[in-house]
Every structure is written in C-alpha cells, then in structure tokens.
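These numbers were taken from a predicted model, which means no experiment stands behind them.
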Amino acid sequence: MQTAVPTREQLVQRAADLLPVLRRNAEWAEQHRRLPDETIEALAAAGFFKLRTPLRYGGYEADTRTLVEVAAELGRGDGASSWTTSVYWIPTWMACQFPDEVQDEVFATPDVRICGTLSPTAMATPTAGGIVVNGKWGFISGALHSHWQEIIAVLVDGDNEPMPIMALVPMADLHVVDDWHTSGLRGTGSVSTVAEELFVPAARVLPLGAVLQGQSASHHNADSAIYRPPLLPVASASSVGTVLGLARAAQETFLERLPDRKITYTDYASQGEAPLTHLQLADATMRADEAEFHALRLADLVDAKAVDGGDWSLLERTRARADLGAAGRRARESVEILAAASGGSSIYSSVPMRRILHDVQAVGLHALMNPDTNAELHGRVLAGLAPNTLYL
C-alpha cells in the first residue's frame, strides 16, 4: 500500500502548523511526565510516525535531512514532543533491518510507534525456536504510547562467546516501571521497561554487530537508500534536530519577552537598549548557527553515503558522532546564554525558557549525544588510535 509521499517542505510546514498544539500541551506534558494523547494524535495525523516506514507499508522513507528539519521545527514548539518523535524514528529504522515477514507483522499497525534503546542491559539465553530474555531497560522515551520496543540484550550460550543481539517485542509483553522523575525532558515519558522470562521468536532476533555494520536481513529494503547506512550514523542524524529546535525556541522566547523587560537595579528602561543584551543575542545566535552547521553536515553525509552505497571509513563514522556532539554543545550554549539573560522571572514554570533550558541540558547528557565523549572518540581516531567502542 504505497501512498503519495509529501515533500520535505510540506512536512516541515506540517510541523510548523502543529506549533500551537505543542505549545499549548507542553506544560501539561511536563507536569504529567508524558505526552498527552492529543499531541500523539496530532503527530500521527501529520504523518511524522511514517517518516522511516517503508513505502510498501504506506510510509515516506524520508532522508535524514528531512528528519533534522522536521524535528527542529517541532522543537520550536516542545522539546519533549520533538525528542519523542525523533526517538521513534530510530527503532522504526531498526525494525526495517529485520526479515520481511517480521516487518509485515510490525507495520500492520497504522502509524506504528516503536520505542527502543541501544543499551544491552538485559541477558538472553537460547531456547527452542528463539531466545528467552530477562532484564530492564531505562530511558525508554515514548514507551507509554508505543506498540513495540526494540531491545538490546547479551545472548549467553555456553558453546559460544556472549553476543549482543537486537530484538523486537510487543509492548504488551513488557512491564512498565514509572520511574521518570527528572529535571529535563519530563514530557517524554522515558520510563523503564522490564522483561521477565520473555520468549522472543528467532525471526525477531538479529546480531547487533551485523546491524551496526549495515548488514540487513530484509530483501525488500535492500534497494532503498535510507536503509543502507550503518546504525550509529543513522541514529546520530535522526536525533540531532531537537537541539536545533530548542535553540530556536529559546531565541523566540527571549525576543518575545524582551520589549517589556527592564534590567533591575539599573537605569535601563528596556533590556533591549543594553549593549550587553546585544552581545548576548549575537553570541547565542552564532552558536545556534554553528549547531545547525554540524547537524546539517551530519545529515548530508548520511544521505550522500546512503545514495552512493559506499563503505563508511572509520573517520567518517567518528566524525558523525563528533558532529552530533558539537551540534548539541553549541545549541546548549546558545540556550544557556539566553536563559542567563532572561532574569529571575524566567524560573517560573509558566515561562517556557526554564523548560527549554532543562530540556536541552538533558539531551546533552544522553550517552549518544554527549559532546565530550563524542569529541574524545573523534580525536582518538584522528590521533591514530583504535576506537574504544563498537558504537560507530
């Protein structure tokens, strides 16, 4: 069932059209630590859960540049909505690496939502017809509105070395632990999930190493460019747009409040008259521009390599991680400058700047997004050393 695929410009416009809904619901989402159903339904109606779904299932097979631009626009409205949407894109892409009969099952659900993780915090043992999994995964953004979860576990077989595997399981087979009490990205509902003696059929299990190297088990997706690159560059490009949106949201919030703000204990009747404000605005804007440069360079690298089908060099892989980290660092710095310039009144929960600041700081703490870890990895390879991670 192939449908008409909207252009990148149309998808970005759809995201812009959702801003009133996202902004209206952002405070509710933060208070209740999950996205409201209205937001999920609006995102689904706009087609944003189809961006990484194969064409044959009515999806759009959008490139990563489109993901970045859509997420950036959603991030202007609400960081939690943008982040959750972005997180869905990654496991959806991962589901497209499984055998086609598994995809038939997963994508039978319209606007299917797949949450997931890259952390191997569970153990698996072989059994007749599949594996049995026990363990717990944290930071599962969007789990409360998901149909499936992509899980990572370590398969322990007495005859072989332990091996990380990736599997797909229905959310109904997992227990949800409501432990998402955080300072940032509260609206993402990134709860923990638990598997207890969970049987997973062999068809829904893949070696993680093969996926990391871009080896797919799907025949139908073999000729589609977006499913060719290795997992980590794809995940990096898929998740970077939110920080761009948060930086833009911070500037818009700051400028909206600027005309009516004085600088207390000075003779400035308007904050906008102060040279310090001019310097802060310029500095924040330039850092946001730098974040956009790194995000788009990352996306364009992934998309170009996907089209030409060439092998990824080690340096390209580490640069993808470095660009992701650099975009997050510069976006966070941009928001922090404007938050610091927003005065004491900005700490009230009714002022969006507080939420924007906490959200962008939370993104920067994500293991894949961490600027320092990513920069160290890139520098290590530039110095001629072997990488100290399989996540490339």
**Q** Is the shortest distance from a Lys or Arg side-chain nitrogen in Glu376 or Arg380 to a carboxylate oxygen in the other one below 4.0 Å?
**A** no
**Q** Report yes or no: do Arg257 and Ser345 form a side-chain donor-acceptor pair below 3.5 Å?
**A**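 There is such a pair (donor and acceptor under 3.5 Å, judged by atom type) between the side chains of Arg257 and Ser345.
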**Q** Are Thr121 and Ser119 close enough, and set up right, to give a side chain to side chain donor-acceptor pair (under 3.5 Å), and what steps lead you there?
**A** CA-CA 6 Å; Thr121 55; Ser119 299; 5.9 Å; no
**Q** Is a side-chain donor or acceptor of Asp157 paired with a backbone partner of Pro126 at a separation under 3.5 angstrom?
**A** no
**Q** Taking only residues two or more places apart in sequence, or in another chain, which ones meet Arg24 in a salt bridge (Lys or Arg N to Asp or Glu O under 4.0 Å)?
**A**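 Arg24 satisfies salt bridge (Lys or Arg N to Asp or Glu O under 4.0 Å) with Glu38 once adjacent residues are dropped.
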**Q** Could you tell me whether a side-chain N or O of Ser82 sits under 3.5 Å from a main-chain N or O of Ala71, the two making a donor and an acceptor?
**A** yes
**Q** Would Glu292 and Arg248 pass as an ion pair if we require N to O under 4.0 Å?
**A**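 Looking at Arg248 together with Glu292, the answer is yes, because their closest N to O distance falls below 4.0 Å.
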**Q** Nearest 0.5 Å, what's the CG-CD distance between Leu155 and Glu161?
**A**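 One gets 12.0 Å once the value is rounded to the nearest 0.5 Å.
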**Q** Without hydrogens or angle criteria, can the side chains of Trp83 and Ser141 be said to hold a donor-acceptor pair below 3.5 Å?
**A**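 Their side chains do contain a donor-acceptor pair, which is all the 3.5 Å distance test asks for.
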**Q** Give a yes or no on whether the backbone of Glu316 and the side-chain of Ser313 come within a donor-acceptor separation of less than 3.5 Å.
**A**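 At least one qualifying donor-acceptor pair exists.
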**Q** For Leu368, does its backbone N or O pair with a side-chain atom of Asn374 as donor and acceptor, under 3.5 Å?
**A**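 Yes, because the side chain of Asn374 sits within donor-acceptor range (under 3.5 Å) of the backbone of Leu368.
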**Q** Can you check whether Ser350's main-chain N or O pairs, donor with acceptor, with Glu27's side chain at less than 3.5 Å?
**A**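 No; zero donor-acceptor contacts below 3.5 Å.
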**Q** Would a 4.5 Å heavy-atom cut-off, applied to side chains only, mark Phe107 and Cys96 as touching?
**A**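 The answer is yes, as the side chains (C-beta and beyond) meet within the 4.5 Å cut-off.
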**Q** Which residues pass the salt bridge (Lys or Arg N to Asp or Glu O under 4.0 Å) test with Arg354, not counting sequence neighbours?
**A**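 Partners of Arg354 under the salt bridge (Lys or Arg N to Asp or Glu O under 4.0 Å) test: Glu30.
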**Q** Please determine whether a side-chain nitrogen of the Lys or Arg among Glu73 and Arg76 lies less than 4.0 Å from a carboxylate oxygen of the Asp or Glu.
**A** yes
**Q** Using the six-membered ring wherever Trp is involved, compare the ring planes of Phe49 and Tyr88 and label them parallel, tilted or perpendicular (cut-offs 30° and 60°).
**A** perpendicular
**Q** Are the side chains of Thr389 and Thr373 in contact, using a 4.5 Å heavy-atom criterion?
**A** no
**Q** Got a salt bridge between Arg65 and Asp303, using NZ or NE/NH1/NH2 to carboxylate O under 4.0 Å?
**A**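 Here Arg65 does not pair with Asp303 in a salt bridge, since their nearest N and O are not under 4.0 Å apart.
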**Q** Count the heavy atoms of every other residue, nucleotide or ligand shown that sit under 6.0 Å from CG of Leu255, and state whether that count exceeds 12.
**A** yes
**Q** For Pro99, is there any backbone N or O sitting under 3.5 Å from a side-chain donor or acceptor partner on His220?
**A** no
**Q** More than 12 non-hydrogen atoms from neighbouring residues, nucleotides or ligands closer than 6.0 Å to NE2 on His219, yes or no?
**A** no
**Q** Are more than 12 heavy atoms from other residues, nucleotides or ligands located less than 6.0 Å from atom OH of Tyr391?
**A**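 For Tyr391, atom OH is crowded (more than 12 foreign heavy atoms under 6.0 Å).
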**Q** Is it the case that over 12 heavy atoms from other parts of the model lie below 6.0 angstrom from the CG atom of Asp311?
**A**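 No, the 6.0 Å shell around CG holds no more than 12 heavy atoms from other groups.
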**Q** Hey, is Asp289 close enough to Arg330 for a salt bridge, meaning N to O under 4.0 Å?
**A** no
**Q** Do Tyr57 side-chain atoms and Asp104 backbone N/O form a donor-acceptor pair below 3.5 Å?
**A** yes
**Q** Let me have the donor-acceptor pairs involving side chains of residues 193-202, under 3.5 Å, with sequence neighbours excluded, atom names and distances please.
**A**
unit_1: Thr193; atom_1: OG1; unit_2: Gln149; atom_2: OE1; d: 2.9
unit_1: Thr193; atom_1: OG1; unit_2: Gln149; atom_2: NE2; d: 3.2
unit_1: Glu197; atom_1: OE2; unit_2: Asn134; atom_2: ND2; d: 3.0

